[in-house]
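Keep in mind it's a predicted model, so treat the numbers as computed, not measured. Atoms considered below: every heavy atom in the structure, side chains included; atoms not considered: hydrogens, waters and symmetry mates. Read the numbers this way: they start at 1 and go in the same order the structure lists the ligands and their atoms.
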Amino acid sequence: LQPMRGPLAPAFLAKLDETCQRLRAVWQTDNRLTLPLSGTGSAGMEAAFVNTVGPGDVVVVAVNGLFGERMVDVAGRCGAEVVRVDTPWGQAIDPEQVLAAHPHPKLIAAVHAETSTGVRNDIAPLGAGKGDALLLADCVTSLGGIPVATDDWGVDLAYGGTQKCLGVAPGLAPFTMNDRATERRIPKPQSWYLA
Ligand SMILES: *Cc1c(COP(=O)(O)O)cnc(C)c1O
């Protein structure tokens, strides 16, 4: 056993830097803002939405399972005008349909691997067709299990969770956000803690 290290101890900070660097490899990204949030995957979801979505913002959410439903809920609590695109549970989303749902949304959100049904959704076509919108991907179940090519796919912000495919201790949400998304952060997110 080793003694506890304080959160500002140089050894802890060095370990945190190393962890963030290794997370960039997992996410396949160069995003400077890549870190493990203290909280479960849901904290990642919350952080992603509260930082980018405010009252009246149009958010398109692809829904083909429980976690798409949850994103609709979270976006709604941020005051978003939510445009949901439903696909029957058990089927993959149709990216064209998602892209056609609104001419100029602020954000498009989709779940990469819908845990509730085991369906993988294609994220790359959403990135290719997103236009001016931000693209948010829930990768809680996919990260560490199947490739997640954040930068290549045009994903602007994404979150994962440690206790699913990564198979490490629960309670951390790997999070990544590019400059494009950071520049469009809303001025005063409703959450102080996750802002
Ligand atoms: C489990 C899960 C979440 C929520 O993560 P928690 O760690 O349970 O808070 C979000 N999205 C997906 C796709 C999940 O499988």
- Item | Q163: numbered ligand 1 atoms lying under 4.0 Å from its heavy atoms | 6 (P), 7 (O), 8 (O)
- Run the numbers for me: atoms of ligand 1, each under 4.0 Å from some heavy atom of A113, listed by number. 13 (C)
- For ligand 1, which atoms sit closer than 4.0 Å to a heavy atom of T141? 15 (O)
- Query: Salt bridge or not for E69 and R84, using N-O below 4.0 Å?
  - Reply: yes
- ligand 1 to T40, heavy atom cutoff 4.0 Å, flagged ligand atoms 6 (P), 7 (O), 9 (O)
- Qualifying residue, where the test is side chain to side chain contact (heavy atoms under 4.5 Å, CB included) with T52 and the options are T182, D57, L134: L134
- Do N31 and N178 meet the criterion of a side-chain donor-acceptor pair at a distance under 3.5 Å? no
- Hey, is ligand 1 close enough to Y159 that some N/O pair sits below 3.5 Å? no
- Message: Using a plain distance cutoff, I'd like to know if T115 has any nitrogen or oxygen under 3.5 Å from a nitrogen or oxygen of ligand 1.
- Response: yes
- Indicate yes or no: does K130 engage D156 in a salt bridge with an N to O separation below 4.0 Å. yes
- Query: Quick one: nearest non-hydrogen protein atom to atom 11 (N) of ligand 1, plus distance?
  - Reply: D138 OD2, 2.7 Å
- Hey, are T150 and T29 close enough side-chain-wise for a donor-acceptor pair under 3.5 Å? no
- Query: Any N or O on G41 sitting closer than 3.5 Å to an N or O of ligand 1?
  - Reply: yes
- Looking only at protein heavy atoms, which one is nearest to atom 3 (C) of ligand 1, and how far off is it? F67 CE2, 3.3 Å
- Message: Tell me whether R184 is salt-bridged to D132, with the criterion being a basic N under 4.0 Å from an acidic carboxylate O.
- Response: yes
- So, the side chain of N121 versus the backbone of I93: is there a donor-acceptor pair under 3.5 Å, distance only? yes
- Message: Could you identify the single nearest non-hydrogen protein atom to atom 1 (C) of ligand 1 and state the distance to 0.1 Å?
- Response: K164 NZ, 1.3 Å
- Item | S42 near ligand 1 by a heavy-atom separation under 4.0 Å | yes
- Stepwise side-chain hydrogen bond (donor to acceptor under 3.5 Å, both in side chains) check, N64 with D86: CA-CA 6 Å; N64 64 338; D86 280 275; over 6 Å; no
